[in-house]
Amino acid sequence: IDVLGPLGNGFPDPGRGKKAVMVAGGMGIVPMYMLAERLPSSTFLFGARSAQEAVIADDFKGLGCRIKVSTEDGSVGKKGLVTALLKEELTPRSVIYACGPAGMLKAVSKIAHEAGVRSYVSLERSMACGIGVCLGCAVKSKAHGARENRVYKMVCSDGPVFDSEDIDWELFQ
Ligand code: FES
């Protein structure tokens with residue numbers, strides 16, 4: 001196989017005196033593994049549909065982070081959405097790192113905004129080129145360009161990690 005990379009950016013460090021809280025839903029767990037290796041004193045929150053799906057969080061055991069799980073059917077961990085766990089864990093010192101479905105990312109962004117804490121989201125998009133050429137992975141940012149038009153960012157080359165305050169979540173899906 002041919003492999004092109006590395007592409008895009010990565011999660012920044014939380015900063016001095018800050019505490020990382022990672023939030024992942026479903027397949028969004030994947031980019032969190034290396035972050036958890038890098039930030040072993042962080043908290044890792046994982047949301048899944050059921051205990052069967054949640055078993056993947058066991059891979060984080062031994063990395064040093066605190067792990068909390070929620071499942072929609074309540075078969076393991078707290079019953080409900082992972083965003084409920086996030087609300088319990090947040091402190092003014094928190095920095096959130098999130099990856100998962102669009103609805104989860106929107107909710108995380110809202111929680112962070114209301115709590116006044118910084119959050120970084122790793123966005124998922126179908127990608128054809130991976131180098132900012134095809135424009136297939138564009139997302140609306142809150143920045144304005146010429147004639148007050150919204151600026152689009154490419155998830156592949158500007159991201160995939162963005163400060164959640166930079167994304168226009170209204171049309172994001
Ligand atoms: Fe082509 Fe991002 S995948 S611009």
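Atoms within a ligand are numbered from 1 in the order they appear, just like the ligands themselves. Position 1 is the first residue of the sequence; numbering continues from there. Computed from a predicted structure; not experimentally measured.
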Counting only heavy atoms not in Gln52, do more than 12 sit closer than 6.0 Å to its CD atom?
->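 12 or below, so no.
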
Could you state the interatomic distance from OH (Tyr120) to CG (Asn9), rounded to the nearest 0.5 Å?
->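 Interatomic distance, Tyr120 OH to Asn9 CG, rounded to 0.5 Å: 10.5 Å.
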
Distance in Å, Glu114 CD paired with Leu90 CG, rounded so as to fall on 0.5 Å steps =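 These two atoms lie 11.0 Å from each other.
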
Take atom 1 (Fe) of ligand 1 as the centre and count protein N, O or S atoms at distances under 2.8 Å.
->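 With waters ignored, the protein N/O/S count below 2.8 Å is 2.
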
Evaluation steps, side chain to side chain contact (heavy atoms under 4.5 Å, CB included), between Phe44 and Leu35 = CA-CA 10 Å; Phe44 174 61; Leu35 184 64; over 6 Å; no

What pairs of donor and acceptor atoms, side-chain ones from residues 93-101 against any protein atom, are under 3.5 angstrom apart with sequence neighbours left out?
unit_1 : atom_1 : unit_2 : atom_2 : d
Arg93  : NE     : Gly17  : O      : 2.8
Arg93  : NH2    : Gly17  : O      : 3.3
Ser94  : OG     : Thr91  : N      : 2.9
Ser94  : OG     : Thr91  : O      : 3.1
Ser94  : OG     : Thr91  : OG1    : 3.4
Tyr97  : OH     : Pro12  : O      : 2.8

Looking at side-chain heavy atoms only, is the closest gap between Lys61 and Ile67 below 4.5 Å?
->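 Sidechains of Ile67 and Lys61: in contact.
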
